[in-house]
Amino acid sequence: MIYTDKVMDHFMSPRNVGELENANAVGEVGNARCGDIMKIYMKIENDVIKDIRFKTFGCGAAIATSSVATELVKGKTIEEALKITNKAVVEQLGGLPKEKLHCSVLAEEAIQAAILDYCEKNGKELPEALQGCGGCCGSCSHDHIAHE
Ligand code: FES
């Protein structure tokens with residue numbers, strides 16, 4: 001199995017790892033395919049993701065994709081963050097082996113779950129991308145590579 005240098009870099013030195021004490025949005029999801037778990041913490045102010053951390057009980061590909069995903073959504077509005085798909089994250093990494101694509105869904109779903117948490121806690125109308133979503137059931141129409 002071949003990993004790009006960028007995957008190895010983010011796996012060996014993942015960015016934004018850990019917890020955020022002052023998080024006001026937390027999302028936790030499991031990967032239906034392998035059982036791995038991802039937790040994302042965000043500090044959101046005026047719908048802008050000011051800070052973000054992640055913790056995962058997942059494989060190297062999950063760590064690398066989460067690291068890149070946190071970099072991509074930091075500083076973005078929640079609407080912008082919801083547009084960042086796992087496909088975009090994989091592209092940033094220069095690709096992943098096909099059998100590891102499902103790992104990239106963890107970060108995307110945890111980001112969605114955290115934003116859902118933020119909207120619910122703050123009585124905000126759910127962004128269109130999250131309407132009807134009560135967390136990932138694996139059957140939504142998002143452009144997830146790994147959903148079967
Ligand atoms: Fe579970 Fe990669 S094998 S996230």
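One-based numbering, in listed order, for ligands and for the atoms of each.
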field: Closest approach of Gly18 to Lys55 (non-hydrogen atoms, all atoms of both residues)
entry: O-CG, 3.5 Å
- request: Considering only non-hydrogen protein atoms, determine which one is nearest to atom 4 (S) of ligand 1 and report residue, atom name and distance to 0.1 Å.
  value: Asp36 OD2, 3.2 Å
message: So that I can tick it off, tell me whether Arg53 and Glu19 are bridged by a salt bridge, with the cut-off set at under 4.0 angstrom between side-chain N and carboxylate O.
response: no
4.0 Å heavy-atom contact, Met38 with ligand 1: no
Proximal ligand 1 atoms for Lys100, defined as those under 4.0 Å from one of its heavy atoms: 2 (Fe), 3 (S)
query: Is there a donor in the side chain of Tyr41 and an acceptor in the side chain of Asp51, or the other way round, less than 3.5 Å apart?
result: no
Per-atom contacts of ligand 1 with Ala62, taking only distances under 4.0 Å to non-hydrogen atoms: 4 (S)
message: Quick one, Val48 with Lys76, criterion side-chain contact (heavy atoms from CB on, under 4.5 Å). Give me CA distance, side-chain angles, the key distance, then yes/no.
response: CA-CA 6 Å; Val48 174; Lys76 299 269 195 315; over 6 Å; no
- prompt: Mind checking whether Val29 and Leu106 have side chains closer than 4.5 Å, heavy atoms only?
  reply: yes
- line: Cys34 heavy atoms within 4.0 Å reach ligand 1 at atoms 1 (Fe), 3 (S), 4 (S)
- prompt: If you count the atoms of ligand 1 from 1 in the order shown, which ones are under 4.0 Å from a heavy atom of Cys59?
  reply: 2 (Fe), 3 (S), 4 (S)
task: Give the contacting part of Arg33 toward ligand 1: side chain, backbone, both or neither, where contact means a heavy-atom distance below 4.0 Å.
output: neither
- request: Decide side-chain contact (heavy atoms from CB on, under 4.5 Å) for Met38 and Glu28; before the verdict, give the C-alpha distance in whole Å, the side-chain angles of both, and the deciding distance to 0.1 Å.
  value: CA-CA 6 Å; Met38 169 77 60; Glu28 183 171 354; over 6 Å; no
